[in-house]
Amino acid sequence: MRTSQYLLSTLKETPASAEVISHQLMLRAGLVRNLASGLYTWLPTGLRVLKKVENIVREEMQRAGANEILMPMVQPSDLWEESGRWDDYGPELLRLHDRHQRPFVLGPTHEEVITKLVANELSSYKQLPLSLFQIQTKFRDEIRPRFGVMRGREFLMKDAYSFHLAHECLEKTYQSMFDAYCRIFDRLGLDYRPVLADTGSIGGDASHEFHVLADSGEDDIAFSDASDFAANIEKAEAIAPAGERAQPKHELAKVAAPNVKTIDELASYLNVDINTTVKTLLVCGVENEQGDTPVVALILRGDHQLNEIKAEHLPQVASPLTFATDEQIRATANCNAGSIGPVGLNCEIIVDRSAAHLSDFICGANEDDVHFTGANWQRDSSKFSVADIRNVVEGDPSPCGQGNIVIKRGIEVGHIFQLGTKYAQAMNCAVLNEGGKNQTLTMGCYGIGVSRIVAAAIEQNHDKYGIKWPKAIAPFQAAIVPMNMAKSARVKETAELLYKQLNEAGIEVLFDDRKERPGVMFADHELMGTPLLLIIGERNLDAQQIELKNRITGEKSLIAIDQVMSLFN
RNA sequence: CGGUGAUUAGCGCAGCUUGGUAGCGCACUUGGUUUGGGUCCAAGGGGUCGCAAGUUCGAAUCUUGCAUCACCGACCA
């Protein structure tokens with residue numbers, strides 16, 4: 001490709017709307033352009049990268065035995081009613097009508113369509129297991145699209161689905177998908193980690209997310225500093241503190257704490273360590289037979305944070321997690337939100353393991369502006385249950401039993417999931433088994449955010465000059481950068497010759513044939529992250545040499561012109 | 001969805017307080033100059049000042065409404 005025929009579209013200045021480095025560089029290097037919130041046009045350079053990622057994903061999916069298909073982006077709503085997600089999915093699902101006022105959705109994912117397809121196509125256990133995948137545009141009407149293509153509303157996703165008669169078979173495919181994902185991210189040249197993930201409301205036995213490590217990531221990942229353990233913080237178990245709870249030493253006593261609203265204010269007002277306090281959160285419980293929603297109290301040590309996912313999983317707590325209103329708080333605890341405590345509280349009480357290990361703690365007294373000191377479980381409050389409902393924090397013992405927790409940020413680029421029979425059951429997806437009986441299929445699903453990978457790769461591979469693409473996904477393998485080609489026939493001749501040879505050899509090369517000063521060319525190619533620059537100048541032509549510059553290492557070297565092709569073998 | 005801020009040329013911004021029909025840098029065009037790291041000089045082209053209504057002789061500027069975009073938050077005990 002010659003730059004004279006190419007839409008280069010590089011920018012010197014960073015558009016003000018771009019917050020994270022990958023978004024800034026994607027705009028400056030001419031990879032994408034914004035159309036509306038969360039919607040992006042892929043320019044030639046960006047599309048080249050996107051296609052390379054796509055192809056690596058495709059190759060490894062095929063190697064794992066999956067068949068590529070392509071499903072429609074527009075899906076009839078009755079499929080979603082059949083699966084139950086028409087009501088469950090919420091406003092992220094974009095709903096629309098055709099000219100006959102028939103309702104449709106823009107597909108945010110394709111479990112419904114594929115389950116329907118397989119239900120129609122398969123009739124015998126002999127056809128199993130079967131894995132299908134597609135690489136396709138998804139639409140999710142995100143609350144807050146941000147960070148460019150990292151969290152767009154329309155994005156490119158690889159979604160794969162596997163179908164099985166038995167759970168053991170699903171586990172086998174799940175493992176082979178896990179391995180395929182590792183091969184994909186290895187080939188992409190990314191620093192990534194598979195981490196244990198929450199299985200969500202769908203249930204199932206296992207789920208892993210694949211995270212690219214980067215400070216700009218939106219997820220917290222908990223690692224062990226002494227083993228391979230890694231889990232999304234939503235999932236990481238906070239284990240109970242070791243040893244017995246200490247015996248009470250103090251009597252329960254009231255202390256006034258006027259105008260103290262938060263736990264931090266309380267700790268500094270009473271001049272105590274925050275981890276000797278507990279905080280009490282009132283949330284909505286599950287609706288009872290009378291149609292009322294009771295209030296449930298969740299109790300945490302003052303320095304800990306509620307893990308909403310864990311809380312939602314409790315059978316007593318309504319999902320999605322909803323905090324009690326001021327009226328409900330007043331009716332339950334007879335005080336404002338800042339003074340609730342477990343002593344004498346008349347509702348279901350669930351105490352985090354760490355909070356349950358405290359003795360002589362400080363808590364609200366269920367009376368405005370009053371707290372208790374010297375509170376103790378059993379003695380002062382005995383009707384409660386204990387559960388893991390907090391986020392792990394740095395330094396916690398790892399749930400794997402080895403080492404302590406370290407927390408890093410990650411960008412979720414892949415998620416694999418043992419679905420079980422949820423969709424197959426809802427959509428009547430079954431085959432005849434060996435015994436000639438109808439048997440509902442068990443499913444797995446496996447997603448990769450193809451467009452998000454492009455942004456994640458930049459987050460991990462850049463410097464002050466621009467992008468430093470991993471070789472496997474660079475838009476071009478090399479660029480020919482001639483010095484003053486307009487003035488030097490020799491330079492032009494050499495550049496054209498190399499361009500011809502490289503093209504014929506199938507090397508993706510960008511020939512910078514603009515009449516620009518060298519500095520402009522260098523700046524553009526470094527911004528775009530071309531891994532190898534072939535710099536042709538009068539300076540080295542007498543010796544029949546050109547200069548090489550490696551974008552990743554910054555190394556410069558000379559090479560004989562007739563040796564250039566050997567670089568690409 | 002709540003909060004905050006923004007919207008003036010392709011991009012980055014000034015002008016608004018104190019109304020008088022728009023300006024700077026980059027980019028673009030032309031000519032010259034320069035040529036191994038974003039040269040320099042000159043001359044140009046390009047804007048319904050987000051949209052709508054109002055106040056006024058007159059609105060980018062004041063008022064009201066709307067739209068769009070971005071950021072923060074969605075943990076309050």
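Naming: A, B, ... by sequence-line order, numbering from 1 per chain. The basis for the numbers below is simple: all heavy atoms, side chains too, and nothing from hydrogens, waters or symmetry mates.
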Legend entry - Nearest listed nucleotide, side chain of A:Arg517, among B:A77, B:C71, B:U39: B:U39
Legend entry - Under-3.5 Å donor-acceptor pair between A:Lys549 side chain and B:G37 base: yes
Inset, instruction - Could you tell me the separation between the CG atom of A:Leu533 and the P atom of B:G36, rounded to a whole number of Å? - result: 16 Å
Inset, instruction - Would you state whether a donor and an acceptor, one from the side chain of A:Asp524 and one from the base of B:G37, lie under 3.5 Å apart? - result: no
Inset, instruction - Quick one: look up who B:A74 pairs with, Watson-Crick or G-U, both distances under 3.5 Å, and put none if it's unpaired. - result: none
Inset, instruction - Could you work out the separation of B:A77 and B:C13 based on their P atoms and round it to a whole Å? - result: 37 Å
Legend entry - Candidate nucleotides B:G37, B:C72, B:C69, ranked by approach to the side chain of A:Arg146 - the nearest: B:C72
Inset, instruction - Would you state whether a donor and an acceptor, one from the side chain of A:Glu516 and one from the base of B:G38, lie under 3.5 Å apart? - result: no
Inset, instruction - Considering only atom P, compute the distance from B:G73 to B:G12 and round it to an integer number of Å. - result: 24 Å
Inset, instruction - Dump the intermediate steps for salt bridge (charged side-chain N to carboxylate O under 4.0 Å, His left out) on A:Glu142 and A:Arg151, then the final yes or no. - result: CA-CA 8 Å; A:Glu142 296 279 350; A:Arg151 185 172 291 282; 3.3 Å; yes
Inset, instruction - Ignoring hydrogens and angles, answer whether the base of B:G25 and the side-chain atoms of A:Glu13 contain a donor-acceptor pair closer than 3.5 Å. - result: yes
Legend entry - Lys/Arg-Asp/Glu bridge criterion (N-O < 4.0 Å) met for A:Asp463, A:Arg551: yes
Legend entry - Near-ring test A:Phe361/A:His371, centroid separation under 6.0 angstrom: no
Inset, instruction - Answer with yes or no whether the side chains of A:Asp360 and A:Asn376 bring together a donor and an acceptor at under 3.5 Å. - result: yes
Inset, instruction - Output the single nucleotide from B:G73, B:A27, B:C11 whose closest atom is nearest the side chain of A:Arg144. - result: B:G73
Inset, instruction - Write down the distance separating the P atoms in B:G44 and B:A6, rounded off to the nearest Å. - result: 36 Å
Inset, instruction - Output the single nucleotide from B:U39, B:A77, B:C1 whose closest atom is nearest the side chain of A:Lys279. - result: B:A77
Inset, instruction - Please measure how far the C1' atom in B:G20 lies from the corresponding atom in B:C28, and state the result in whole Å. - result: 32 Å
Inset, instruction - Considering only atom C1', compute the distance from B:C72 to B:G25 and round it to an integer number of Å. - result: 31 Å
Inset, instruction - Side-chain contact test, heavy atoms from C-beta onward, threshold under 4.5 Å: evaluate it for A:Val481 versus A:Pro518 and give yes or no. - result: no
Legend entry - Pairwise C1' distance, B:A14 and B:A67 [rounded to whole Å]: 25 Å
Inset, instruction - Find the distance A:Leu541:CG to B:G36:C1' and express it as a whole number of Å. - result: 12 Å
Inset, instruction - Rounded to the nearest angstrom, tell me the gap between atom CG in A:Asp303 and atom P in B:C75. - result: 19 Å
